[in-house]
Structures are given as structure tokens and as C-alpha cells.
There are 2 protein chains.
Amino acid sequence: MAGTGERSSIQSVADAAGVSPTTVSHALSGKRAVSPRTRERIFAAIEAQNYRPNMVAKGLRSRRTQSVALLLVDIANPYYPAVARAIHDVLAAEGYVSFIGNTDGDADTERKLLEEMVARGVDGVVMQPVALSAAEVREIAGPETALVITTTEAGEMPADAVLTDDVRGLTEAVTHLADQGVHELGFIGGFPGASAGPLRVDTFEAAIGGASVPEGWIEHATFTREGGEAAAARLLALPHRPRAILCANDLIAIGAVEATRAAGLRVPEDVAIVGFDDIDTASLVSPALTTVVNPAAAVGDACARTILWRVEHGPGAPYRKTVLPTHLVVRQSA
Amino acid sequence: MAGTGERSSIQSVADAAGVSPTTVSHALSGKRAVSPRTRERIFAAIEAQNYRPNMVAKGLRSRRTQSVALLLVDIANPYYPAVARAIHDVLAAEGYVSFIGNTDGDADTERKLLEEMVARGVDGVVMQPVALSAAEVREIAGPETALVITTTEAGEMPADAVLTDDVRGLTEAVTHLADQGVHELGFIGGFPGASAGPLRVDTFEAAIGGASVPEGWIEHATFTREGGEAAAARLLALPHRPRAILCANDLIAIGAVEATRAAGLRVPEDVAIVGFDDIDTASLVSPALTTVVNPAAAVGDACARTILWRVEHGPGAPYRKTVLPTHLVVRQSA
DNA sequence: GTGAAAGCGCTAACAT
DNA sequence: ATGTTAGCGCTTTCAC
């Protein structure tokens, strides 16, 4: 019988077992030896009272909350759930819980959410900053909080990082196009000013080896089908239009396909379209999307493991960088 | 200049402002009047020290953590991110943060996650229980925690509820099929034994008005394309097979379409397929999925508002039930 | 309008 | 192997 309503405390368990709260604490944590007979009485009392340690009190005292914050751009955008799920799985197995936040790539939101999480004493944060620099993020997180940044940027940063080699997959796409004689490439990116975060213009430029791009062939869109459709329409309305469009994510690419057809052009014969991420939908639409595989689950997994590793090793250990490859999967759209 | 590393406390702010911690607390919370001049000094000190209240300490003392737990089946399954995002948006606007957990519809996981969240003192939990009954969930959550359950079940439950009228949309689907002379209906559900959670067999039975279903026409699958493909294959291998298959979600339906084609049959001429949820992909595949629209964003929004309402009104107020309609959208697969 | 004292439920340091 | 003491950083009486 539980049921009296009152949550029991470590003190009430100690009373029932005839020991001190300290001993109960140690019986639970295993941080120091407790005799078998005492243990037994303690656990009997815990059972009887249906006692559950108050994690808030524990967090305040021990300065460890067994929690981590996931600060992603937008959980509703199909790439992120797979990342979040992978992170959640490895963290949950280690007894951590996850906070989740959507930044939308907005500087104020990124800052506010991060501060909020730090104020809640999270042991770690996994973040994909878009508007904030890695240095700013570290500044807010403080030196003690485990911090993993995911992005494509490979420069130095004062944090552990899980990077995807976006240039590699995109270069494969460029090569694949070139093999078919397609050299006139346009690009639709997201967040115009961003120096980190989702696929960016500089990645595109790296992939085309610094070749110059005609005026207007680089467009920006929100990471949605609608955004892609509008941006592609602008691109295709140009007097001299590209023969292929590389897109910062698959949703944009799907919108671009629609815009292309709406303009009376064929995909891929008139305009080839390449997506990015390889979300489930990519292989299901028609034409099936030729796209660059962004290994969401592997990214999430690496982020979580890095957090765990950092929590274990403390802030003193050197920064750890994990780079995951991306690669092209050729389907029908290019 | 921040930068000394040490996080400042309410005490250090009080010292700097020449007041007591009590006054700082009140200046921050607005729970009692503070003279303008004092206020000013306090906020100057806060600014100078870059002070952020420790939410863990605040939570321990005040028994309010300004946090809520989202215990969904699987964030990686396309229906849920939209729900989560909507919840997050309304909660974040009110200063709440969100925990997230994936239960996979497993009883132990549901229980463990829920206990964990209660131990962390969340002010509320939004849950879609599958294996646990609403009563069990309430038992674990305790009477004080705001609890919103989302499901399709319309029975009494000791919690606030946000329900979708799944029978309605499914009935529209059955009628639509009947209008075309299609009366032989099979069903692919998820979690076999579930009495709550995602679309269930009893909903299907209600939609067909209690008509009897031939042996083997009710199948179960995981909520994935692969699951749907395998289950549909079993259905179609039957000596007497259904002329239409209603599916518990769109992923299953997409798999069913593939299985149908793999069996050399046409969709919808030989076998009509109806999905559920109307995820983004549904309108993008070909044939475009005829499906029942499950209003994810409205569900999330209602869940969050209900939590907020319950937190404001306390456990004494009568349970609140919100029912959201579903409706059929006819495309190509049926 | 403000402050002093107490204490939320735990764990860490220092005992023995 | 166990207990005592102190205190994490706040908010809440209760006092003036």
C-alpha cells in the first residue's frame, strides 16, 4: 500500500530501516560499502514506502543532474527526429534524461534556450548552433558543462564536435553531374548568414572547387517544401538558368522538383535536382530523389557518446572531434 | 566582464545591492512590492554579475520546476515531431522547458520513464500510454502532477485528455470505399494488445459498424514501412483477400502499397489502401495516399494548453476533455 | 518595504 | 561499516 499521498523521503526510509540517511544514500549509490543485513532492511523500507529519490534535491546537492539538453534547429523537420532518437537511446541507457529545445536557427532563441538549460544544471548540451558561434556557445555553457556541437564546419572550436563531411558527399554529387555533362550548377541554401549549422553556401563553393557561379544562381529558402518551391521558381525564371540545382535539404529539393515541373521542365533531363539528408521521403517521391546521405542516427549516437565521454573525463581532457562521412545516393532526380 | 568562472548566487547579488536575498527573490518574482530604487540596484547587480537563478534550487524549494515531460511512443516516427513541436512552442512561450522520452509502447519503459520524470519534479506530463492504463499512469504520476493523456479512447479516465475522434475519419474512409462498391476491408494495426494509443482494432471495428471480418483480415505490424509491407504481404497471400486495406498509420500504408504492387496487383483498382495521420510524405508518394488526417499540431497545442490550465487551476478542478476531429482526404490510393 | 530564520531532500566531508 | 554535521541556492513563513 502506498497511497497516503505524501512522497517519502530518504529520512523516512532511514527511520524505517533504523539507520541514518547517509547510509541509505550509500546503499542506493553504492559509493561506500553497506553490510548485507543493513542493505536488506533499507531496501525493504524502500519497497514498503515505494520510495523514489528526489532527483531535484540530488541535483542541487551533487551538482549532477543526469540530464542533457538537445538544442536542435527544429524537431519537426524530418532530419532531426532521427538524431534525437539516437541521442535519447544511448543517454537513456545510461540513466540520463533529455531536455529538448527548438532554436529555429535564431540567435536570441539559441541564447535563451542555452541559458535556460545551464540554469537547470544540465550535465551536457548537444547543440547545432546556427546564429551563435561555437565560442559564444561555450561562453554561455561555461567551462564545466559538457558541450557537443554538431555542424559541418571543420575549424577549431572550444568544444567537442561531431561533424559531417558535407563537402565530400556534395563533391560526389558535382562529379556525378559532371559525368553527365552537367556543369551549370545552382544552389539553394538555408539561413543566409550562417557560418555553421545545416548545409551552407561555403560547402557548395568548396564542392565546386571555387568555380565562379553566375549572378542569382545561389538562392536561399526556409527548410521546407514551400521554401524550396519558391526559391527554385526564382532560379528557373532567370534568363540564363542552371542545368542542376543542389539543395540544402530534401524538403527544399522536393519543392524544387515541383517548381521545375510547374515551369514545364523535366527532372532530370532539363534540370537535375539533388537533395541533402536522405530522409525517408526522399526515396518515396517520384522521381525518387538523388541525394546526399546525412547519417542522422550515427550523428546522434556520436553526440551522445561524446557527452558521456566528456562527463566521465571532465573539462580537462582535450577536445574530441568525430567526423562522419556523407555520400551520394543516385536515384532518379539527377 | 563575467569570466571568473564562479556562477553568482542570489546571495552575491544581494550583497552587491546591499539588500537581503529575500528582496532579490521578490524583485525577480514580483511576488511582493520592491521599491523602485532598490529594484534598480538589484538589477544593476544582476547585470554586473550576469546572474542567472539556479532553477534546480528554485525547484527544490518551491516545488515547481517549470518543466513538463513529453512521453511519446517514438519521436522518430513522423507523426510525433509535429505534436512535440506544437507542445514545445506553447510551453516555451510560458517559460516551461520540455523533457522528452520515447516509450516504444512498452510497459516497462512507460513506467520507468514516468517514474523518472516524477522523481524530477515535473509540473506536468503529456503522455500517450499504450501498455499502461490511464489509471496506472495516474497512480504513478500522483494526484498533484498535471497529467494529460492523448489517445483515441473516449472512456472515463482519471486525467485530463486530448482525444482524436479516430472513428469519425475511419468511418468516412469506410463510406468512401463503400461508395465505390468496395466492402471487403482488411486492417493493419499496431500494438496487438493495446487498449489505448495509436489507431487500434476496436476503432476499425467501430468504423465498420460491427460487421464481421473474415479470418486473417486483421493484421498487426510495427509502425514502419517494412512492417506494413510484411503485414500486407500476409494479407494478400490469403486465399480470399480483402479489396481494401485500412492501415494504422501512413508508414504502414506506404509499405502496404509496395507489397500490393510486388504481388502484381494495382492500387487502388485491385486493392485500395487507406493510411492514417497524413504525414507530409503521404501526399508525396505515388500513388498519393488517401488517408485520415490526424491533426498533430492541434493535438500538441491542446495538450500543452491543458497542462497550463491544470497547473493554474490545481488538482481540484474537474477533468477536462478535448476531442479533435479527424477526416478523410481522398487522393489516389483509395 | 524589507529582513532573519528555517528548510526543501539530498550528498559530501569528516568523523569514529 | 556507519553516523553527524553542514550546506547546495533558493523561497517561504513570520516578523517588523
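Throughout, a chain's letter reflects where its sequence line sits, starting with A, and its residues are numbered from 1. Computed from a predicted structure; not experimentally measured.
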For nucleotides 10-16 of chain C, just jot down a letter per nucleotide in 5' to 3' order: B, S or -, based on protein non-hydrogen atoms under 4.0 Å.
-> BBB-B--

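With sequence neighbours excluded, no residue forms a side-chain contact (heavy atoms from CB on, under 4.5 Å) with B/Ser195. Every residue two or more places apart in sequence or in another chain that forms a salt bridge (Lys or Arg N to Asp or Glu O under 4.0 Å) with B/Glu115 is listed here: A/Arg52. With sequence neighbours excluded, no residue forms a side-chain contact (heavy atoms from CB on, under 4.5 Å) with A/Ala33. Under the side chain to side chain donor-acceptor pair (under 3.5 Å) criterion, B/Gln11 pairs with B/Asp15, not counting sequence neighbours.
You can see that DNA chain D meets the heavy atoms of chain B within a 4.0 Å-exclusive cut from D/dG9 to D/dC14, reading 5' to 3'.
Nucleic acid contact for A/Ser35: sugar-phosphate only, since backbone atoms but no base atoms lie under 4.0 Å from a heavy atom of the residue. Using a 4.0 Å heavy-atom criterion, one finds that B/Val56 contacts no nucleic acid atom at all.
For residues 86-108 of chain A, the ring pair (Phe, Tyr, Trp, His ring centres under 6.0 Å) pairs, not counting sequence neighbours, are A/Phe99-B/Phe99. Residue pairs that meet the salt bridge (Lys or Arg N to Asp or Glu O under 4.0 Å) test with at least one member in residues 298-314 of chain A, sequence neighbours left out, are A/Asp160-A/Arg310, A/Asp301-A/Arg305. For residues 22-48 of chain A, there are no ring pair (Phe, Tyr, Trp, His ring centres under 6.0 Å) pairs, not counting sequence neighbours. The list of salt bridge (Lys or Arg N to Asp or Glu O under 4.0 Å) pairs with a residue in residues 67-76 of chain B, not counting sequence neighbours, reads A/Arg85-B/Asp74. Judged as a ring pair (Phe, Tyr, Trp, His ring centres under 6.0 Å), not a single pair has a partner in residues 129-157 of chain B (not counting sequence neighbours).
B/Phe191 has its ring centre less than 6.0 Å from the ring centre of B/Phe223.
A rotation axis mapping the C1' atoms of four pairs onto the next four is fitted at both ends of the helix from C/dG1-D/dC16 to C/dT16-D/dA1 over five pairs, and the angle between these axes is 30° to 10 degrees.
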